Structure formats: structure tokens, C-alpha cells
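For ligands, and for the atoms within them, numbers begin at 1 and follow the listed sequence. All values derive from a computational prediction rather than experimental measurement.
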Amino acid sequence: MYGIVNKAIEELVRTNHGDETWKKIAHAAELQAPVFISNEGYPDEVTYRLVDAASKVLGLPPDQVLAAFGEWWVLKTGQQEYGPYMKAAGRTLPEFLDNLPRFHDRVIMFLPDLQPPSFSTRDAGPNRITLIYESPRQGLAPMVMGMLQALGKMFNTAVTITHTVQRDRQHDHDEFLIEWSATA
Ligand code: HEM
């Protein structure tokens, strides 16, 4: 993954838990270099090692670390570094979700080696939608949950997210039912 992802994990830890905690996590993850470069590619394994190390050092389950990171990515990294892209994707939560399947197409324009996940949507009735998430990577569904919760916050919209299909031996993808308040 691009270094921006690992850098965002570092920022989240430094902001919420302090520089000393970051040092412990970086050490536990056996990082080769002390700094991440945003637009350089790193093996996915580095990101997984960071999540694992953060989970051990902070004493939190890995799923909770991933969810917190997903939230941080949307509310901090997304808004601060890529504000115009986030804005262009929709003025309301349902609009943004409609556009999500095409979101990373625009990101590829400035990060050409991006290997994005694939999102698609299925109508589920009034004020709800099913989001289908497919990825060559394993185990990141909790991060998607965190991202979706954060989108609710970003649009000031009460949202309920249910992980309706879990990727396993029978299913090659995850599905989420997203329900929002009628005023969105
Ligand atoms: C401007 C905002 C965004 C940028 C710049 C961005 C960029 C990226 C980057 C760099 C990666 C790592 C993949 C790689 O380096 O090859 C990634 C992965 C991912 N992105 Fe985005 N993204 C953005 C917004 C979103 C949003 C809004 C969602 C969904 C709510 C999302 C969902 C994901 C997921 C789930 C992954 C993990 C990769 C996987 O599942 O295979 N991203 N994105």
C-alpha cells in the first residue's frame, strides 16, 4: 500500500496516544526505516504488522484498531489531505455512497499504482443501501465499518451499519447494510 496509509496510522497513534507509544509500536512492528513516504509503495505486510503491533501495545483487539483507523482515514486524512475529493463525492450520505464504487477511480489519477478495493451497491429500500465490498486483501472489513461510521459523522447523519455477509469459505466478499435517518 502507499506510504500515506502507514503514515496515517502513525499520525493517529501519535495524536491519540503520544510519541512514546508510537516508538513502541514502530519497534514492535520491526520497521526498516523510521519514516514513511506518502507516494511510495510498501508491502501490505508492513501495514498488517503495524496494526498487529498497535493492537498488542495498546491492548486492543486488531478489529478495534482497524475500525479506529478507518474512522481516522475518513475524518482526518480524507478531510485534511483530500478535502476537494471528499466534497466532490457527494453532498449527503446517500449521494456519497452512490458514488463510492467510482471513488478510487479519481484517486488513481494521482496515485497511479493504487490497488483499490472494489465497492458496488444494491438498493435495499428507502433510506438504506447494501454495500458490497471485495478486495484481494484479507481482514479489512472492520476498517470499512469504521469508514462508514465516519461518513455518517461527516454528514451529520445518524447511521446504522450491519455486517450482513462476512467473507469466509462460502463468500468471497463482505456486505454491509447501511441505514440512515430520513432527513439525510
Ligand atoms: C480521498 C480519500 C481517499 C484516498 C486518497 C484513498 C486512498 C487509498 C489508498 C492509498 C489505499 C491503499 C491501497 C494502495 O495503496 O494500493 C486505499 C485503500 C482502501 N480504501 Fe481508499 N481512499 C480514500 C477514500 C476511501 C473511502 C471514502 C473509502 C470507503 C468508505 C475507502 C475504502 C478503502 C478500503 C477499504 C481500502 C483497503 C484496501 C482493500 O480493501 O483492499 N477509501 N485507499
Side-chain angles (χ1 to χ4, degrees), residues 1-12 36-52 54 62-122 129-157 159-163 165-168 171-180 184:
M1 292 203 224
Y2 272 104
I4 180 89
V5 173
N6 300 326
K7 234 175 130 162
I9 296 179
E10 175 178 352
E11 269 161 31
L12 159 63
F36 292 112
I37 300 167
S38 292
N39 56 1
E40 206 160 273
Y42 294 81
D44 285 359
E45 195 223 327
V46 173
T47 308
Y48 284 101
R49 279 213 313 267
L50 275 178
V51 171
D52 220 48
D63 285 7
Q64 217 167 305
V65 172
L66 281 167
F69 175 60
E71 187 154 324
W72 179 273
W73 182 257
V74 167
L75 293 177
K76 300 285 175 176
T77 319
Q79 312 253 55
Q80 280 167 15
E81 312 272 336
Y82 308 102
Y85 289 87
M86 296 296 281
K87 273 216 170 77
R91 280 165 300 138
T92 62
L93 178 69
E95 227 177 82
F96 194 100
L97 293 172
D98 262 354
N99 287 325
L100 190 55
R102 290 170 303 282
F103 191 95
H104 288 94
D105 295 355
R106 304 188 95 195
V107 177
I108 286 181
M109 293 200 280
F110 58 89
L111 298 175
D113 294 326
L114 191 77
Q115 290 179 287
S118 157
F119 289 111
S120 54
T121 56
R122 200 169 57 230
I129 203 166
T130 296
L131 182 72
I132 298 137
Y133 161 60
E134 293 171 276
S135 169
R137 304 181 174 97
Q138 297 266 11
L140 299 180
M143 183 173 107
V144 178
M145 288 285 272
M147 289 174 152
L148 297 173
Q149 296 284 4
L151 288 174
K153 285 187 190 163
M154 193 176 102
F155 289 109
N156 252 320
T157 300
V159 67
T160 308
I161 294 140
T162 318
H163 195 176
V165 173
Q166 313 233 5
R167 177 164 159 174
D168 57 18
H171 305 96
D172 61 359
H173 67 277
D174 291 275
E175 289 188 20
F176 304 90
L177 178 67
I178 306 164
E179 299 170 278
W180 57 88

- Task: Nearest heavy atom to atom 40 (O) of ligand 1 wins, so pick from F103, F110, Y133.
- Result: Y133
- Among non-hydrogen protein atoms, atom 14 (C) of ligand 1 lies closest to L114 CD1, 3.6 Å
- Only residue of T162, L151, T160, L148 satisfying side-chain contact (heavy atoms from CB on, under 4.5 Å) with I178 is L148
- The atoms of ligand 1 lying under 4.0 Å from a heavy atom of Q115, numbered in the order shown, are 13 (C), 14 (C), 16 (O)
- Item | Protein residue, atom and distance nearest to atom 41 (O) of ligand 1, heavy-atom basis | S135 OG, 2.5 Å
- Message: I'd like to check which ligand 1 atoms, numbered from 1 as shown, lie under 4.0 Å from a non-hydrogen atom of Y2.
- Response: 14 (C), 15 (O)
- Aromatic ring pairing F110/Y82, orientation class (parallel under 30°, perpendicular over 60°, tilted between): parallel
- Can you tell me if CD on E134 sees more than 12 non-hydrogen neighbours from other groups inside 6.0 Å? yes
- Message: Just to be sure I'm reading this right: ignoring hydrogens, which of Q149, H104, M86 gets closest to atom 43 (N) of ligand 1? Compare them by their nearest heavy atoms.
- Response: H104
- Task: Looking only at protein heavy atoms, identify the closest one to atom 18 (C) of ligand 1 and say how far it is in Å.
- Result: P117 CD, 4.1 Å
- Note on the structure: Of all protein heavy atoms, the one nearest atom 35 (C) of ligand 1 is V144 CG2, 3.5 Å
- Task: Step by step, work out the salt bridge (charged side-chain N to carboxylate O under 4.0 Å, His left out) result for E45 and R49.
- Result: CA-CA 6 Å; E45 195 223 327; R49 279 213 313 267; 2.7 Å; yes
- Message: To check you understand the geometry: which heavy-atom pair defines the closest contact between Q79 and M86, and what is its length?
- Response: N-CG, 4.4 Å
- Task: Return the residue, atom name and 0.1 Å-rounded distance of the protein heavy atom closest to atom 38 (C) of ligand 1.
- Result: R137 NH1, 3.2 Å
- Query: Does Y2 have any ring-ring contact (aromatic ring centres under 6.0 Å, His included) partners at least two apart in sequence or in another chain, and if so, which?
  - Reply: none
- Residue, atom and distance of the protein heavy atom nearest atom 6 (C) of ligand 1 read W73 CZ2, 3.6 Å
- Task: Pick whichever of E134, Q79, M147, E81 has a heavy atom sitting closest to atom 28 (C) of ligand 1.
- Result: M147
- Note on the structure: On a heavy-atom basis, the closest approach of H173 and V165 is O-CG1, 3.8 Å
- Which residue and heavy atom of the protein sit nearest atom 26 (C) of ligand 1, plus the separation: L100 CD1, 4.2 Å
- Interfacing atoms of ligand 1 (cut-off 4.0 Å, heavy-atom, M143): 34 (C), 35 (C), 36 (C), 37 (C)
- Task: Heavy-atom distances under 4.0 Å are what count here, so tell me which part of L111 touches ligand 1: side chain, backbone, both or neither.
- Result: side chain
- Item | Nearest neighbour of atom 27 (C) of ligand 1 from the list F96, Y42, Y82, on a heavy-atom basis | F96
- Item | Aromatic plane relationship, Y42 with F36 - under 30° parallel, 30 to 60° tilted, over 60° perpendicular | perpendicular
